[in-house]
J.: 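Dumping the structure here so I can ask a few things about it.
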There are 2 protein chains.
Amino acid sequence: MNFTAKKIAVLLRQRGYKLTPQRRVILDAIADGHDHLTPAAIYEKVKREHSNIGLVTIYRTIGLLTELGLICEVHSGGNCRSYLLRRPSEHHHHLICSDCGTVVDFTSCDLSEVEQKLSDDTGFDINGHLLEFLGRCRSCQTTTP
Amino acid sequence: MNFTAKKIAVLLRQRGYKLTPQRRVILDAIADGHDHLTPAAIYEKVKREHSNIGLVTIYRTIGLLTELGLICEVHSGGNCRSYLLRRPSEHHHHLICSDCGTVVDFTSCDLSEVEQKLSDDTGFDINGHLLEFLGRCRSCQTTTP
DNA sequence: TTGTAAATGAAAATGATTATCATCTAGCAG
DNA sequence: CTGCTAGATGATAATCATTTTCATTTACAA
Ligand SMILES: [Mn+2]
Ligand SMILES: [Mn+2]
Ligand SMILES: [Zn+2]
Ligand SMILES: [Zn+2]
């Protein structure tokens, strides 16, 4: 997405960050496609256009984008994190294909009742929740039964 | 909990696994208390009673207990996993204190409607979900305002 | 008690992430 | 346009979590 990438560029500059070619290409890599990517995967993807980029820069840029709230971290088990562009700016959740990694965002989660009940029962001061659905996307269902 | 630990011992033997003193003490460490523990934390706790145990054995035992479905993995961000005894054998979720790590299990989550809607909308074959609430337990609220 | 498959611990290997530091450059002042 | 400089980069090494390997030990059934 060019539009999104452009908006992000503006955001970066507003906060005093520089817009480097490396950041540009990392943003493109993340913004293109609907799957979640590990730092290593972003690195591989980005190296095609910017062969001498360092993996460190990927990590630094991920840190920056996280700080700006521009990417989402996906918690689908495994031993390393993966990320994708934050598409809905509002509070939302993810439906993740365990085969191809495609992520669908959804905003409709009404957990306020459950949360209230839990809070009453336990005395916890609840300040957040994590909700993710796992499954196989339509395309992956047809290719491998 | 002695009872739980004992039941687990039986389970181990049923499947042909040996009940070693190391496993015994690791089980005790996990079963005692309601907080979630990282492998390193279990290691430290266990070393007090079994000073020459290896961290590898912690990892191996965690693997074993996971395979038997006897422990839960908690996904509270951060860079390493943590575990606690699986108390309700049924499907359940966690309410986690971000200060002290205490975990409250709860079974009341009715996500079937949301799941059905998501499935209809996206064509995904949904086979699971992850739901966790984060907050501060009553005790942690009183100690640090 | 004995035999043996399973388990353990030391050590090294691997993989992910972070810290350091010399060098480079985006963006701005002049 | 040119030079300055804070911020950014990449090579390298360090750190931290986890896994592999392998020689030695041990639980437990026979
Ligand atoms: Mn998202
Ligand atoms: Mn649990
Ligand atoms: Zn898929
Ligand atoms: Zn607490």
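Quick note on labels: first sequence line is chain A, next is B, and so on, each numbered from 1. Note that the structure is predicted; figures quoted are calculated from it, not measured.
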J.: Please report the end-to-end axis angle for the helix from C:dT1-D:dA30 to C:dG30-D:dC1, five pairs per end, rounded to 10 degrees.
T.: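 Between the first-five-pair axis and the last-five-pair axis there is 30°.
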J.: Is any NZ, NE, NH1 or NH2 atom of the basic residue among A:K45 and A:D32 found under 4.0 Å from an Asp or Glu carboxylate oxygen of the other?
T.: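 Counted as a salt bridge, because a side-chain N and a carboxylate O are separated by less than 4.0 Å.
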J.: Do the side chains of B:R24 and B:D28 get close enough for a salt bridge, i.e. N-O under 4.0 angstrom?
T.: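 B:D28 and B:R24: not salt-bridged.
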J.: A:L65 CG to D:dA8 P: how many Å, rounded?
T.: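 Distance, rounded to whole Å: 12 Å.
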J.: List for me each residue that meets side-chain hydrogen bond (donor to acceptor under 3.5 Å, both in side chains) alongside B:Y59, sequence neighbours excluded, and say none if there are none.
T.: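 Checked B:Y59 against side-chain hydrogen bond (donor to acceptor under 3.5 Å, both in side chains); zero matches.
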J.: Round to a whole Å and report the spacing from CZ of B:R60 to P of C:dG9.
T.: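 In whole Å, C:dG9 P and B:R60 CZ are 8 Å from each other.
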J.: When you measure from the side-chain N and O atoms of A:T57 to the phosphate of D:dG10, is any distance below 4.0 Å, counting only OP1 and OP2?
T.: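 Yes.
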J.: Hey, is the side chain of B:R23 poking within less than 4.0 Å of OP1 or OP2 on C:dT8, counting only N and O atoms?
T.: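 The answer is yes; a side-chain N or O of B:R23 sits under 4.0 Å from OP1 or OP2.
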J.: Roughly how many Å is it from OH in A:Y43 to P in C:dG15, rounded to a whole number?
T.: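 Rounding to the nearest Å, OH of A:Y43 and P of C:dG15 are 15 Å apart.
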J.: Provide, to the nearest angstrom, the distance between the CZ atom belonging to B:R15 and the P atom belonging to C:dA5.
T.: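 One finds 22 Å between P of C:dA5 and CZ of B:R15, rounded.
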J.: Find every protein N or O atom lying less than 3.5 Å from an N or O atom of nucleotides 26-30 of chain C, and list the pairs.
T.:
| residue | atom | partner | partner atom | Å |
| --- | --- | --- | --- | --- |
| C:dA26 | N3 | A:K18 | NZ | 3.2 |
| C:dG27 | OP1 | A:R13 | NE | 3.2 |
| C:dG27 | OP1 | A:L19 | N | 3.0 |

J.: For the atom pair OG1 (B:T122) and CZ (A:R138), what is the distance rounded to the nearest 0.5 Å?
T.: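 Those atoms lie 7.0 Å apart.
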J.: Listed in order of residue number, which residues of residues 44-53 of chain B have a non-hydrogen atom at under 4.0 Å from DNA chain C?
T.: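 B:H50, B:N52, B:I53 - these, ordered by number, are the residues of the stretch whose heavy atoms sit under 4.0 Å from the strand.
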J.: Restricting to nitrogen or oxygen on both sides, can you table the protein-nucleotides 16-18 of chain D pairs closer than 3.5 Å?
T.:
| residue | atom | partner | partner atom | Å |
| --- | --- | --- | --- | --- |
| D:dT18 | OP2 | B:Y59 | OH | 2.4 |
| D:dT18 | O5' | B:Y59 | OH | 3.2 |

J.: In Å and rounded to the nearest 0.5 Å, what is the CZ to CG distance from B:F133 to A:L118?
T.: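 Here the rounded value is 5.5 Å.
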J.: Applying salt bridge (Lys or Arg N to Asp or Glu O under 4.0 Å), name anything that partners B:D125, two or more places apart in sequence or on another chain.
T.: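 B:D125 satisfies salt bridge (Lys or Arg N to Asp or Glu O under 4.0 Å) with no other residue.
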